[in-house]
Student: 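Here it is: the structure, laid out below.
Being a predicted model, the structure only gives us computed values, none of them experimental. Every chain is numbered from 1, with letters handed out A, B, ... down the list of sequences. These numbers come from the heavy atoms of this one structure, side chains and all, not from hydrogens, waters or symmetry mates.
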Number of protein chains: 2
Amino acid sequence: MELDERKIKILNSIIQTYLITGEPVGSRTISKYTDLNLSSATIRNEMSDLEEMGYIIQPHTSAGRIPSDKGYRFYVDNLMKEKVAEVDEVKEVFLQKADKIDRLLKQVAKLLAVNTNYATMISGPQYKRNKIKFVQLSRVEADQLLVVIMIDGNIIKNRLIQVRQEVGEEEVAKLNIVLNTYLQGLSLMEINMELVQRMKVQASEYQEIIREVIDAIAVAVQEEDDLEIYTSGTTNLLSYPELNDKEKARALISTLEEKKELTDLLLNAPDDDEGEKRGIQVYIGSETPVTSMKDCSIVTATYELEEGVQGTIGIIGPKRMDYKKVVGNLQTLMNQLDEIYKKK
Amino acid sequence: MELDERKIKILNSIIQTYLITGEPVGSRTISKYTDLNLSSATIRNEMSDLEEMGYIIQPHTSAGRIPSDKGYRFYVDNLMKEKVAEVDEVKEVFLQKADKIDRLLKQVAKLLAVNTNYATMISGPQYKRNKIKFVQLSRVEADQLLVVIMIDGNIIKNRLIQVRQEVGEEEVAKLNIVLNTYLQGLSLMEINMELVQRMKVQASEYQEIIREVIDAIAVAVQEEDDLEIYTSGTTNLLSYPELNDKEKARALISTLEEKKELTDLLLNAPDDDEGEKRGIQVYIGSETPVTSMKDCSIVTATYELEEGVQGTIGIIGPKRMDYKKVVGNLQTLMNQLDEIYKKK
DNA sequence: ATTAGCACTCTAACACGATGAGTGCTAACA
DNA sequence: TGTTAGCACTCATCGTGTTAGAGTGCTAAT
C-alpha cells in the first residue's frame with residue numbers, strides 16, 4: 001500500500017490534533033475540521049489503512065487513533081515546518097553575561113523549561129580537546145600546593161596537592177616558570193611522557209612535584225565524572241496525563257534527578273553539522289536509549305561556545321510534544337549562542 | 001482534662017502504629033497489640049478524650065485515628081528515645097575524602113536519602129565569618145586578571161576581572177605582595193575602607209586594580225545567591241500515599257527543584273547548641289515556613305566543618321516520618337563530621 | 001470511489017448494594 | 001467508679017450492573 005497525498009494529509013491532521021488535545025482522535029473530528037471535505041466513513045477507511053501501515057494506533061476498539069512512534073517519526077522527518085521561535089528573551093538572559101559558565105547553563109535550562117513547559121537538561125561543556133592557557137602553582141603551606149589551571153574558554157579548575165618534601169616560595173616561582181614554558185598552549189593529548197621527562201630534568205630535585213602537578217592537571221581536565229548536568233522543569237512532566245502512571249512518573253523524575261543515565265544521551269549526541277538542523281536530534285518513544293523514558297520523546301541539540309568547547313541540551317516531553325516549537329526554540333538558542341560567543 | 005500515664009501510652013501506641021502502617025489506627029488494634037490489657041471499648045473512650053484534647057484526629061466518622069500535628073509534636077518532644085543510627089557507611093564515604101566540598105555534600109545528601117527513603121537537602125557552607133588564607137593574582141591577558149581566593153577551610157574561589165589599563169608580569173607580582181601582606185588572615189568584615197585606602201597608596205598607579213580585586217573578593221566571598229543547595233531523593237516522596245494528591249506532589253517536588261524557597265528554611269536554622277540535640281530542629285506540618293510542605297515534616301541539623309564554616313542539612317518526609325531514625329541519622333552524621341574535620 | 005446507515009464494541013460514569021471496619025452510647029458488671 | 005459487652009449506626013470501599021456516548025467496521029446504495 002502506498003502513502004498517497006490524501007493519507008499524508010489525514011495523518012498530519014491526526015497528529016496535529018493529538019498534539020493539542022492529547023486524546024485519541026476519531027474519524028468524525030478529522031472529517032469536520034479538515035478542508036478535505038470527506039465524510040467520516042471515508043476517513044475511517046483511510047485510517048484503517050494508516051493503522052495497517054503502522055502510522056497510527058488504536059488504544060482500544062472503540063477509541064480514536066493516536067500516532068505511533070513511526071507516525072511521529074514521519075511527522076518529524078517530513079511534515080514539520082519549523083516554527084520561528086519567539087525566544088527573544090534568550091538574548092536578554094545572555095546579555096547578563098553570567099560570568100560563571102555553570103550559572104549560565106542553569107539559566108538556559110530554566111528558561112527553556114519555562115518556555116516549553118517540558119523538562120530540560122543541559123550538560124556542561126567538555127574540555128578534552130582544549131588547550132591549557134596557563135598553570136599557576138601557589139604555596140599554601142610548606143607541604144601543600146594549590147594548582148590553578150586555566151583552559152581555553154576561560155574555564156578555571158583548582159586542585160590542592162600534598163607534597164612530601166617542603167617547598168619554599170622561590171622554588172614555587174621557579175616551578176611556575178617551568179610549568180608554563182612547557183605546558184602553555186598544549187592540550188591534554190599533547191602532554192606525553194617525553195615532555196614530562198624533560199620537565200622533570202629541569203625541575204631537578206622537585207621532580208615529584210612536577211609529577212603531582214601533571215597528575216592534578218590530568219584529573220582536573222579530564223574529570224569524566226565531573227560532567228555536570230543541570231536539569232530544570234522536571235515536574236512539568238507530571239502535568240501530562242499520558243505520563244500519570246505513578247510508578248513510571250517516579251522512575252522518570254528519578255532518572256532526571258540521578259543524572260547518571262543521562263550522560264549517554266547527552267554525550268552521544270551527534271556533532272554539529274552546521275546545516276539547517278545543526279546537530280538537532282529527535283528521539284521518539286522507544287528510540288531513546290534510556291528505558292524510563294520509553295513513553296517520552298527527547299530532542300537534543302549540541303551547542304558550542306568556543307572552538308572545541310561543546311555540550312548538549314536536551315528537552316524531554318511527552319511523545320505528543322510540540323516538536324515544531326521545541327526544535328524552533330533550540331535553533332534560535334543555538335544561534336544566539338553563536339552570535340554572542342563566536343562573534344565576540 | 002489531664003494527660004495521664006495511660007493516655008500517653010495509648011497516644012504513643014497510636015503514633016507508633018501509624019508511623020509503620022500509614023493507615024488510621026482503630027481502637028481494637030491498640031487493645032490487641034498493647035500490654036495494657038484493656039478492651040477496645042475502654043480504648044475508645046480514651047481515644048475520644050485524646051481527640052478532644054487535640055492529639056489525634058479522625059479523618060472521617062468511621063475510620064480510626066491518626067496523629068495531629070500536636071500529637072506528633074508531643075511525640076517528638078517527649079516520647080521519642082533516639083535510635084542509635086546504623087549509618088556506619090557515613091564514615092566510609094567521608095574517608096574517600098572528596099576533595100571538592102560540593103561533591104562531598106552531594107554524597108551526603110544522597111546517602112541520607114537512600115538511608116532514610118525521604119527527600120534530603122543540604123546547603124553549602126557559609127563563609128562569611130571566614131578568614132582569607134591567601135589571594136593570588138595572575139595575568140591572563142594584558143587586560144585580564146585572574147583572582148584566586150582561598151579561604152579558611154581550603155575553599156577556593158576564582159574570579160576573572162577586566163581592567164582598563166594594561167599590566168605586566170612584574171606589576172602583578174608586586175600587587176600580589178601588597179594584597180597578601182594586607183589581606184591575609186582577615187575576614188570580610190575586617191576589610192574596611194581605611195585599609196583599602198592604605199593598599200591603594202601602596203599600589204600607586206594600579207589603584208584601580210586594587211579596587212577591582214577587593215570587589216571581586218567581596219563578591220566571591222559573600223555571594224549570597226551562590227548559596228548552593230543540593231537535593232536528593234525527592235522522588236522518594238512520591239511513594240507515600242498521604243502525599244499522592246497529584247497537584248500537591250508536583251508543587252512539593254517543584255519547590256525542592258527550585259531551591260529558592262528552601263534558603264529560608266536552611267539559613268534560619270538554629271545554631272549548634274552543642275547539647276545532646278546539637279542544632280537539630282523538627283518542623284511538623286504547618287509549623288514549616290514553606291507552604292507547599294504543609295503536609296510534610298522537616299528535620300534540620302546544622303553542621304560545622306571548621307570554625308565558622310557551617311551549613312544545614314534537612315530531611316523532608318511525610319508527617320508520619322520515622323523521627324527516631326531521622327534524628328538518629330543526623331546525629332551520627334554530625335558526629336562523624338566532627339570527628340573527621342575537627343580532630344584532624 | 002464515496003457515502004449513509006446500522007449493528008457492534010468498548011469505556012467512562014453513575015448508581016446501587018454488600019461488606020466491614022470502626023465508632024458512640026448504654027446498660028450491666030466488679 | 002472504672003471497665004466491659006453489646007448493639008445500632010456511619011461511612012469508605014469495592015464489585016456489579018446499567019447507561020450513554022463515542023467510535024468503529026461493514027454493507028449496500030449512490
Student: Between atom CG in A:Leu36 and atom P in C:dT3, what is the gap in whole Å?
Tutor: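 Going from CG in A:Leu36 over to P in C:dT3 covers 11 Å.
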
Student: Please tell me if the side chains of B:Leu79 and B:Gln16 come closer than 4.5 Å, counting only heavy atoms from C-beta onward.
Tutor: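 Contact flag for B:Leu79/B:Gln16 side chains = no.
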
Student: Please tabulate, one pair per line, each protein N/O and nucleotide N/O from nucleotides 26-28 of chain C that are separated by under 3.5 Å, including the distance.
Tutor:
none

Student: Please round to the nearest 0.5 Å and tell me the distance separating atom CD1 of A:Ile8 and atom CG of A:Leu50.
Tutor: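 Between A:Ile8 CD1 and A:Leu50 CG, I get 9.5 Å after rounding to 0.5 Å.
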
Student: Report the distance from atom CD1 of A:Ile43 to atom P of C:dT3, rounded to the nearest whole Å.
Tutor: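 Distance check: A:Ile43 CD1 to C:dT3 P gives 9 Å.
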
Student: State, to the nearest 10°, the angle formed by the axis through the first five base pairs of the helix from C:dA1-D:dT30 to C:dA30-D:dT1 and the axis through its last five.
Tutor: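 Terminal axis comparison yields 20°.
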
Student: Report the relative orientation of the aromatic rings in A:Phe74 and A:Tyr55; use parallel for angles under 30°, tilted for 30 to 60°, perpendicular for over 60°.
Tutor: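 Ring orientation of A:Phe74 relative to A:Tyr55: perpendicular.
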
Student: Starting at CZ of B:Arg6 and ending at C1' of D:dT1, how long is that distance when rounded to a whole Å?
Tutor: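 So the two atoms are 12 Å apart, to the nearest Å.
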
Student: What are the residues of residues 47-67 of chain A, sorted by number, that bring a heavy atom to within less than 4.0 Å of DNA chain D?
Tutor: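 Residues of residues 47-67 of chain A under 4.0 Å from DNA chain D: A:Met47, A:Gln58, A:Thr61, A:Ser62, A:Ala63, A:Gly64, A:Arg65.
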
Student: I'd like a table of donor-acceptor pairs (distance under 3.5 Å, sequence neighbours excluded) in which one partner is a side-chain atom from residues 26-36 of chain B, with atom names and distances.
Tutor:
residue : atom : partner : partner atom : Å
B:Ser27 : OG   : B:Arg44 : NH1          : 3.3
B:Ser31 : OG   : B:Leu38 : O            : 3.2
B:Thr34 : OG1  : B:Ile30 : O            : 2.4

Student: Mind jotting down which residue pairs meet the salt bridge (Lys or Arg N to Asp or Glu O under 4.0 Å) criterion with at least one end in residues 54-65 of chain A? Sequence neighbours excluded, please.
Tutor: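 Output for this query lists A:Glu51-A:Arg65.
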
Student: Between A:Lys248 and A:Asp295, is there a side-chain N and carboxylate O pair less than 4.0 Å apart?
Tutor: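 A salt bridge is present here (some side-chain N lies under 4.0 Å from a carboxylate O).
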
Student: So if I take every side-chain heavy atom of A:Arg44 and compare against D:dT4, D:dT24, D:dT3, which nucleotide ends up nearest?
Tutor: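 When the side chain of A:Arg44 is considered, D:dT24 is the closest of D:dT4, D:dT24, D:dT3.
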
Student: Just the rounded figure in Å: distance from P of C:dG22 to OH of B:Tyr18.
Tutor: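 After rounding, the reported distance stands at 14 Å.
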
Student: Who pairs with A:Glu287 by salt bridge (charged side-chain N to carboxylate O under 4.0 Å, His left out), at least two apart in sequence or on another chain?
Tutor: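 By the salt bridge (charged side-chain N to carboxylate O under 4.0 Å, His left out) rule, A:Glu287 matches A:Arg73.
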
Student: Between B:Glu46 and A:Gly26, who's closer to the 5' end of DNA chain D by nearest nucleotide?
Tutor: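 Result: B:Glu46.
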
Student: To the nearest 0.5 Å, tell me how far A:Lys7 NZ sits from A:Met47 CE.
Tutor: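 Those atoms lie 12.5 Å apart.
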
Student: Grab the NZ-P distance between B:Lys32 and D:dT4 for me, whole Å please.
Tutor: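 Value for this atom pair: 16 Å.
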
Student: If we count only N and O atoms by modelled type, under 3.5 Å, do the side chains of A:Thr312 and A:Thr300 hold a donor and an acceptor together?
Tutor: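 Judged by distance alone, the side chains do not pair up.
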
Student: Whole-Å distance between C:dG20 P and B:Glu23 CD?
Tutor: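 The answer, rounded to whole Å, is 17 Å.
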
Student: What's the closest nucleotide to the A:Thr42 side chain, out of D:dT4, C:dT2, C:dG24?
Tutor: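 Out of D:dT4, C:dT2, C:dG24, the nucleotide with an atom closest to A:Thr42's side chain is C:dT2.
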
Student: Within the 4.5 Å heavy-atom criterion, are A:Asn236 and A:Thr120 side-chain neighbours or not?
Tutor: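 No, too far: nothing below the 4.5 Å cut-off.
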
Student: Return the minimal non-hydrogen interatomic distance between A:Ile316 and A:Ile298, and the atom names on each side.
Tutor: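 Between these two residues, the closest heavy atoms are CG1-CG1, 4.1 Å.
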
Student: Does A:Arg28 place a side-chain N or O at less than 4.0 Å from the phosphate oxygens OP1/OP2 of C:dA4?
Tutor: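 For A:Arg28, the contact criterion (side-chain N or O under 4.0 Å from OP1 or OP2 of C:dA4) is not met.
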
